[in-house]
Amino acid sequence: MARITKLEDIVSLCKRRGFIFQSSEIYGGLASCYDYGPLGVELKNNVKKAWWNSVVQMRDDVVGLDCSILMHPLVWKASGHVDKFADLIAECKKCNARTRVDHLAEHAEEHTEHISIDAAMAKEHDLSNKVCPNCGAVGGFTEPMPFKLMFETQMGANVDDSMTMHLRPETAQGIFANFRNVLDTTRVKIPFGIAQIGKSFRNEVTTKAFIFRTREFEQAELEFFCEPGTDEKWFEHWKKTRFDWYVELGIKKENLRMRDHAGDELAHYAKSCVDVEYKFPLGSGDWQELEGIANRTDFDLRQHQRGIRTLNKWFENNRLMDKIELAAEAEDYESGPLSYFDDEQKKRYIPYVIEPSAGIDRSALAFLVDAYDEEEVRGEKRNLLRFHHALAPIKVGVFPLVKREGMPEIAKNIYNDLKRHFNCFYDEKGAVGRRYRRQDEAGTPFCITVDGQTKEDNTVTVRDRDSMEQVRVATDQLRSHLQERLDM
RNA sequence: GCGGGUGUAGCUCAGUGGUAGAGCGUCACGUUGCCAACGUGAAUGUCGUGGGUUCAAGUCCCAUCACCCGCUCCA
C-alpha cells in the first residue's frame, strides 16, 4: 500500500492531474488561495453531494439552507465575532516571536478571557514586566498590534454612504438568523437541524500548509437544535454519525481519529467539542482537523435575541459599531423571538445546538490523499486513485479497442447514451492499455471497451479499476449493470 | 512573523559567468488487437518577478512574490 509521505508530493499530484492549482499562478500566485481544476471540481462537488445526501436528503429531521455571504453588521456583533475575532498581539524584539497580549498573564497556564479589541486597546498594557514565553526575555515587547481576523468590505457604490461589512467567517450565523423563518415555514419540530454548505473567510494570522488553512474556504455546517438536557445524547449521535461518514466514503480507519478538546481549548460558546482528525502526510506527520463537532448550547440564539434588541441603539449611533454595546439580555429571554414552543410539553425554551462543522476543502484533500496508491503490475508501476465510487470525478471511461472497423462509432453511441446518467470520458487515442492506466490515475472506477466481438454479439468489456478484471456485458444491459456496481 | 530551504518545459530535475537541456508526459503519423509496447516527427521556456554588477547573468548581488520544512499561532 503506497502512501504519499510528503506534502510536496500531494501538491505535485494535484497539479499534475488537474485537481488543484495555485490561484493566479501566472501572476506569481496569491498566498493562501487555490483553484480547483477539472478533476478537482468534480471531486469537490461529489464530496458536497455526499455530505448533503447524508446530512439532509437521507434524514427526516434536517432541512437545507443557503445564506448570503454578506449579512447585517449586527449579526457579527451579536455572535461575538466583531469583538472576539480580533486579538492584540505583541512581538518580542529579541526573538521576534508573536504572542497574544492576553496570553502574557503573570501565570502562564491561566486561560484568559477575550475582551473587546477596542476595550483592550484603550486599556493600559504594561508589558515591561512580561516574560516572552519563547525566549524568556523580560519586557522586550513591541507595542500591542491589533489583528482583525474578519475580512472587511464596503456595501454601497456611493463611497460616502457605504457601510463597512464583513465577509462571513462561518456559515453558522446565517442559520441562526434564519431559525425563525425555517420554523415558521417548514413544520419542523425539535429536534431538527438546518444544514448549509458555503464559502467562509478568515484572515488567519498564518496560513501555510497548502489548503489546510486558507483564508477563503468552504464549510459544510449543520446546526442541530434540541431540547436542553437532550444535548449530550445528540452530541454523541453526531460524533458517531459524522465519523462514520468518512469511513463509509473510504477513508482508512487508521488515518482517522476523534480528539476531544480539553477544557481550556474550548471556544467561549462551547460546552464540549471534538475534532475528527485525519493523519495528513505533513512533514511532522501530524493529525489535522477535518471537522469540529461542538455543543454550542443556547449561546447563539440568545446572543441574537440581544442583537435584535440592539438595533435602535445602532441607528441612533449612526450605525457605528464601535460606539455601541450589545443590549443586555431580557429577563424573559427564554420566551423571546428565537425561542421554541413545544406543543406536546406545552413548554417554551431556547434550544441547544449541536454543530458538526466540516471543512470541505480539507475533506476533499483527505479523500484524495487517502485514495492514492501505487502497485506493481508486470514489472511496471501502476498509479491509481482508489476513490469511493460516489467520489470519483469520472465514473466511466468508454473506449474503442482500436480506431477502426466501426468501433469508434459504436463506442461513441455508448458514450452518448451513458453520459446522460454518469460522468463519462471518451478516449480513442493510442494503445488501450495506456488509456486504462490514465483513467486509473484519475480514479475512474470502470472502463468500457468496444472490441471485435461487439459487432457479433453486442457485448462489451467492463474493466474494474481496482482488480483490473474484465467482464463481458451486453450493451443494452450496460446502464443497469453500471448503476448497480456504482451503487447509483 | 522568525529561522532554514526551494523556484529552469505540463511533471521530476540537470545546467562550472559564455548557444536553453534530459527523462516522463502531451500532440501528429505509422504500426499495434485488452493493460504506461514500438518507430518517426512535433509543440511547449517572461529560467518566479523587478532592479543591479558585468563585454556577457539561469548562474553573482539586492529587493520582492510564491511554495516547502521547523518554530509560532489556530478565537
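First the proteins, then the strands, lettered A, B, ... as listed; each starts at 1. All of these numbers come straight from a predicted model, not from anything done at the bench.
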Between B:rC11 and B:rC73, how many Å separate the two P atoms, rounded to a whole number? 35 Å
Can you tell me whether the side chain of A:Arg16 and the base of B:rG25 have a donor-acceptor pair closer than 3.5 Å? no
Here the distance between atom P of B:rC35 and atom CG of A:Asp466, to the nearest Å, is 18 Å
In whole angstroms, how far is the C1' atom of B:rC35 from the CD atom of A:Glu375? 11 Å
Looking at B:rC34, B:rC35, B:rG33, which one has an atom nearest to any side-chain atom of A:Arg437? B:rC35
Contact class for A:Gln439 vs. all strands (heavy atom < 4.0 Å): base, sugar-phosphate, or nothing? nothing
base_contact_polar (B:rC35 base, A:Arg463 side chain, donor-acceptor, <3.5 Å): yes
What is the nucleic acid contact for A:Phe21, judged by heavy atoms within less than 4.0 Å: base, sugar-phosphate only, or nothing? nothing
Any N or O donor-acceptor pair linking the side chain of A:Gln470 to the base of B:rC34 at under 3.5 Å? yes
What's the closest nucleotide to the A:Phe210 side chain, out of B:rU26, B:rC68, B:rC35? B:rC68
Short side-chain N/O contact to B:rA28 OP1/OP2 from A:Lys429, under 4.0 Å: yes
Between A:Val276 and the options A:Glu289, A:Lys239, A:Met258, the side chain to side chain contact (heavy atoms under 4.5 Å, CB included) test singles out A:Met258
Both A:Lys381 and A:Gly452 contact RNA chain B. Taking the nearest nucleotide for each, which residue is further toward the 5' end? A:Gly452
Using the C1' atom as the point on both nucleotides, what is the distance between B:rU6 and B:rG41, in whole Å? 36 Å
Give the ring-plane orientation class for A:Phe225 versus A:Phe179, where under 30° counts as parallel, over 60° as perpendicular and anything between as tilted. tilted
Under the ring-ring contact (aromatic ring centres under 6.0 Å, His included) test, which residues partner A:Phe224, sequence neighbours left out? A:Trp234, A:Trp238
Partners passing ring-ring contact (aromatic ring centres under 6.0 Å, His included) against A:Phe217 (at least two apart in sequence or in another chain): none
Per A:Arg404 side chain, nearest of listed nucleotides B:rA37, B:rA75, B:rG33: B:rG33
Testing B:rC74, B:rG33, B:rA37 for proximity to the side chain of A:Ala431, the answer is B:rA37
Roughly how far apart, to the nearest Å, are B:rC47 and B:rG39 at atom P? 33 Å
Can you tell me how far P in B:rU16 sits from the matching atom in B:rA75, rounded to whole Å? 48 Å
Taking only residues two or more places apart in sequence or in another chain, which ones pass ring-ring contact (aromatic ring centres under 6.0 Å, His included) with A:Phe446? A:His389
Rounded distance (Å) that lies between atom P of B:rA9 and atom CD of A:Glu25: 11 Å
Detail all sub-3.5 Å separations between protein N/O atoms and N/O atoms belonging to nucleotides 38-49 of chain B.
residue, atom, partner, partner atom, Å
B:rU46, O4, A:Ile26, O, 3.3

Consider the side chain of A:Leu401, meaning its heavy atoms from C-beta on, and name the nucleotide among B:rC35, B:rG33, B:rC73 that approaches it most closely. B:rG33
NZ/NE/NH1/NH2 to OD/OE distance under 4.0 Å, A:Asp417 and A:Arg479: no
Starting from P on B:rC35, measure out to CZ on A:Arg435 and report it in whole angstrom. 12 Å
What nucleotide, of B:rA36, B:rC34, B:rA66, holds the atom closest to the side chain of A:Asp451? B:rC34
I'd like the P distance from B:rC65 over to B:rC74, given in whole Å. 25 Å
Please report the distance, rounded to the nearest Å, between CD in A:Glu428 and P in B:rG33. 18 Å
Residue of the set A:Asp231, A:Thr297, A:Asp298 for which side-chain hydrogen bond (donor to acceptor under 3.5 Å, both in side chains) holds with A:Lys271: A:Asp231
Determine the interatomic distance between C1' on B:rC24 and the same-named atom on B:rC62; round to the nearest Å. 37 Å
Counterpart residues, side chain to side chain donor-acceptor pair (under 3.5 Å), relative to A:Ser24 (two or more places apart): none
Across every strand shown, the nucleotide meeting Watson-Crick or G-U wobble geometry with B:rG3 (both distances under 3.5 Å) is B:rC69
Indicate yes or no: at least one non-hydrogen side-chain atom of A:Arg242 is less than 4.5 angstrom from one of A:Glu291. yes
Measure from the side-chain heavy atoms of A:Ser12 and tell me the nearest of B:rU26, B:rC11, B:rC67. B:rC11
Applying ring-ring contact (aromatic ring centres under 6.0 Å, His included), name anything that partners A:Tyr436, two or more places apart in sequence or on another chain. A:Phe399
From NE2 of A:His261 over to C1' of B:rC74, roughly how many Å is that when rounded to an integer? 10 Å
Side chain of A:Arg438 only, heavy atoms from C-beta on: which candidate in B:rC27, B:rA66, B:rA37 is closest? B:rC27
Take atom P in B:rU46 and the same atom in B:rU32, then report the distance between them in whole Å. 40 Å
Closer to the 5' end of RNA chain B via nearest nucleotide, is it A:Lys15 or A:Asn383? A:Lys15
Find the distance A:Tyr372:OH to B:rC11:P and express it as a whole number of Å. 16 Å
In whole angstrom, give the distance that lies between atom CD of A:Gln22 and atom P of B:rU6. 19 Å
Pairwise C1' distance for B:rC13 and B:rG25, with rounding to whole Å: 14 Å
